Amino acid sequence: MTSTYDISGINNAWCPGCGNHLILSILKSALDELQISPENLLMVSGIGQAAKLPQYMKVSYFNGLHGRALPAAVAVKVSNVGLTVIAESGEGDMYGEGGNHFLATVRRNPDITNIVHNNMIYGLTKGQASPTSSIGIKTNIQVDGVFEQPFNPLAVAIAMNASFVARAFSGDAEQTKEILKQAIQHKGYSLVDILHPCVSFNKFNTFQWFKDNTYYIENHDVSDRNAAFILATKEDKLGLGIYYKNERPVFEEQLEATKTNKTPLYKRSADRQAKLDELMKSYV
């Protein structure tokens, strides 16, 4: 099926079998079903294999510095509140280099969607352990195995009262698509941590490993923050689905510049310049 976001003539740099291919396909399908046109969407990414995703879509995008996707995405949303804004990158980019920005963005609660490709390894730089690597996994750098506790993005986001927190698996296309649709439609900051395999550098967390070590959350009240936190901190299998949702004030609606005037800032600048030009004529 042809997507509005399909683009031709671009060589894809991902390895065959990489989970990023699945996430790209799922995201395009979700956007098509939501009937969001490319003109009304802007994507922001950092550095890494996952961060290349917007380059393979018919979409406007900003590809910035390592770990700096979220502040750029917030700036875009404040500058043009009518846009749908999606920030996406890998777990190293978002939780490692971008960890402080991740915390600040959760706290601010801008109306953006944050998609994190979580394959538990640094892929672009050839296989070092990432913030979410499992204890015991061996790499060319961690030759004796990872011994540090993995970063838990869902628990951190829930602890900070993020307004939408979910986990998905790229191998389950329909379920992941529905989670993404809900995240994009949610008003406020939405985190979707997507588990997926890195077939070249992570031989531990394989496609089959994710199948065997995940389950879908059932009979869970997504408004119950305490229950969501307990789910997020379970140490056996990884739960898939929506953990937590709540409604709280959105960042850009609290700013004087944007809470009452939804006109994009670039248009307001043009209007001000026109008025200034007209005023200056009166002095000539």
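Please read all numbers here as calculations on a predicted model, not as lab measurements.
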When rounded to the nearest 0.5 angstrom, what is the spacing between NZ in K245 and CD in E247? 7.5 Å
With no hydrogens and no angle check, is any side-chain donor or acceptor of S190 less than 3.5 Å from a backbone partner on T113? no
Would you find more than 12 non-hydrogen atoms of other residues, nucleotides or ligands less than 6.0 Å from L65 atom CG? no
Distance-minimising heavy-atom pair for L41 and L83: N-CD2, 4.2 Å
Among L34, I115, I23, L31, exactly one meets side chain to side chain contact (heavy atoms under 4.5 Å, CB included) together with L180. Which residue is that? I115
In terms of heavy-atom contacts, S133 and A129 come closest through OG-CA, 3.4 Å
Within the 4.5 Å heavy-atom criterion, are P131 and Y122 side-chain neighbours or not? yes
I would like to know whether L70 and I112 meet side-chain contact (heavy atoms from CB on, under 4.5 Å); could you show each step before the answer? CA-CA 9 Å; L70 285 171; I112 67 173; 4.0 Å; yes
Can a donor-acceptor pair be found, under 3.5 Å and without considering hydrogens, that links the side chain of R248 to the backbone of N161? yes
If only atom types and distance count, is the side chain of N119 paired as donor or acceptor with the main-chain N or O of G19 below 3.5 Å? no
Honestly curious: do L124 and I137 fall in one hydrophobic cluster under the side-chain, below-4.5 Å linking rule? no
List in chain and number order the residues that pass side-chain contact (heavy atoms from CB on, under 4.5 Å) with A173, two or more places apart in sequence or in another chain; answer none if no residue qualifies. I26
Any donor-acceptor pair under 3.5 Å linking the side chain of H196 with the backbone of A168? no
Hydrophobic clusters here meaning ILVMFWY residues chained together by side-chain heavy-atom distances under 4.5 Å, can you tell me if V76 and M43 are in one? no
Using the test side-chain contact (heavy atoms from CB on, under 4.5 Å), find all partners of N40 that sit at least two apart in sequence or belong to another chain. S37
Give the minimum heavy-atom separation between K237 and Y215, together with the two atoms involved. O-CE2, 3.6 Å
Counting C-beta onward and ignoring hydrogens, is there a side-chain heavy-atom pair between F102 and L191 closer than 4.5 Å? yes
Note: S45 and N63 closest approach over all heavy atoms is OG-ND2, 3.0 Å
Would D193 and Y243 count as having a side-chain donor-acceptor pair, cut-off 3.5 Å? no
Look at atom NZ of K187 and say whether more than 12 heavy atoms of other residues, nucleotides or ligands are closer to it than 6.0 Å. no
Quick one, M94 and N114 - any side-chain contact, counting heavy atoms below 4.5 Å? yes
Qualifying residues under side-chain contact (heavy atoms from CB on, under 4.5 Å), relative to L240, sequence neighbours excluded: R167, F169, D172, L195, T214, Y216
Taking every heavy atom of P264 against every heavy atom of N80, the minimum-distance pair comes out as CG-OD1, 3.4 Å
Hey, are the side chains of S25 and S3 touching, using non-hydrogen atoms and a 4.5 Å cut-off? no
Non-hydrogen atoms of A162 and Y189 that approach each other most closely: CB-CD2, 4.3 Å
Between the CD1 atom in I86 and the CD1 atom in I36, the distance rounded to the nearest 0.5 Å is 6.5 Å
Check whether V192 and I158 end up in the same hydrophobic cluster, where Ile, Leu, Val, Met, Phe, Trp and Tyr are linked by side-chain heavy atoms less than 4.5 Å apart. no
Residues two or more places apart in sequence or in another chain: which of them pass side-chain contact (heavy atoms from CB on, under 4.5 Å) with T206? Q208, W209
For H66, does its backbone N or O pair with a side-chain atom of E97 as donor and acceptor, under 3.5 Å? no
Parallel, tilted or perpendicular: which fits the ring planes of H186 and F164, with parallel below 30° and perpendicular above 60°? tilted
Separation between CZ (F204) and OG1 (T139), nearest 0.5 Å, reads 13.5 Å
Do you reckon F229 sits in the same ILVMFWY cluster as V165, going by side-chain contacts under 4.5 Å, direct or chained? yes
Could you state the interatomic distance from OH (Y61) to CD (Q55), rounded to the nearest 0.5 Å? 4.0 Å
Pairs touching residues 220-230 that satisfy side-chain hydrogen bond (donor to acceptor under 3.5 Å, both in side chains), sequence neighbours left out: D221-S223
If I take atom CG from residue N20 and atom CG from residue L53, how far apart are they, to the nearest 0.5 angstrom? 7.0 Å
Please name all residues satisfying salt bridge (Lys or Arg N to Asp or Glu O under 4.0 Å) with K177, sequence neighbours left out, ordered by chain then number. E33, E174
What distance do N205 atom CG and I121 atom CD1 have between them, rounded to the nearest 0.5 Å? 8.0 Å
Should M120 and N202 count as side-chain neighbours, where that means a heavy-atom distance under 4.5 Å? yes
Show me the pairs that pass salt bridge (Lys or Arg N to Asp or Glu O under 4.0 Å) and involve residues 65-80, at least two apart or across chains. K77-D111
Validation: residues 143-154 side-chain donor-acceptor distances under 3.5 Å, sequence neighbours left out:
unit_1: N152; atom_1: OD1; unit_2: L154; atom_2: N; d: 3.3
unit_1: N152; atom_1: OD1; unit_2: A155; atom_2: N; d: 2.9
unit_1: N152; atom_1: ND2; unit_2: A232; atom_2: O; d: 2.8

K203 side chain to V199 backbone, donor-acceptor under 3.5 Å: yes
Sequence neighbours excluded, the answer for side-chain hydrogen bond (donor to acceptor under 3.5 Å, both in side chains) partners of Q35 is none
Write out all pairs satisfying side-chain hydrogen bond (donor to acceptor under 3.5 Å, both in side chains) with one or both partners inside residues 82-92, taking only residues at least two apart or from two chains. E88-H117, S89-D93, E91-S130
P249 backbone acceptor or donor facing N109 side chain under 3.5 Å: yes
What residues form a side-chain hydrogen bond (donor to acceptor under 3.5 Å, both in side chains) with H101, not counting sequence neighbours? none
Linking I/L/V/M/F/W/Y whenever any side-chain heavy atoms sit under 4.5 Å apart, do L42 and Y5 land together? no
Would you say M57 and L27 make side-chain contact, with heavy atoms under 4.5 Å? yes
Should the heavy atoms of other residues, nucleotides or ligands under 6.0 Å from CG of D212 be counted, would the total exceed 12? yes
Taking ring pair (Phe, Tyr, Trp, His ring centres under 6.0 Å) as the test, write out the residues that go with Y56, two or more places apart. W14
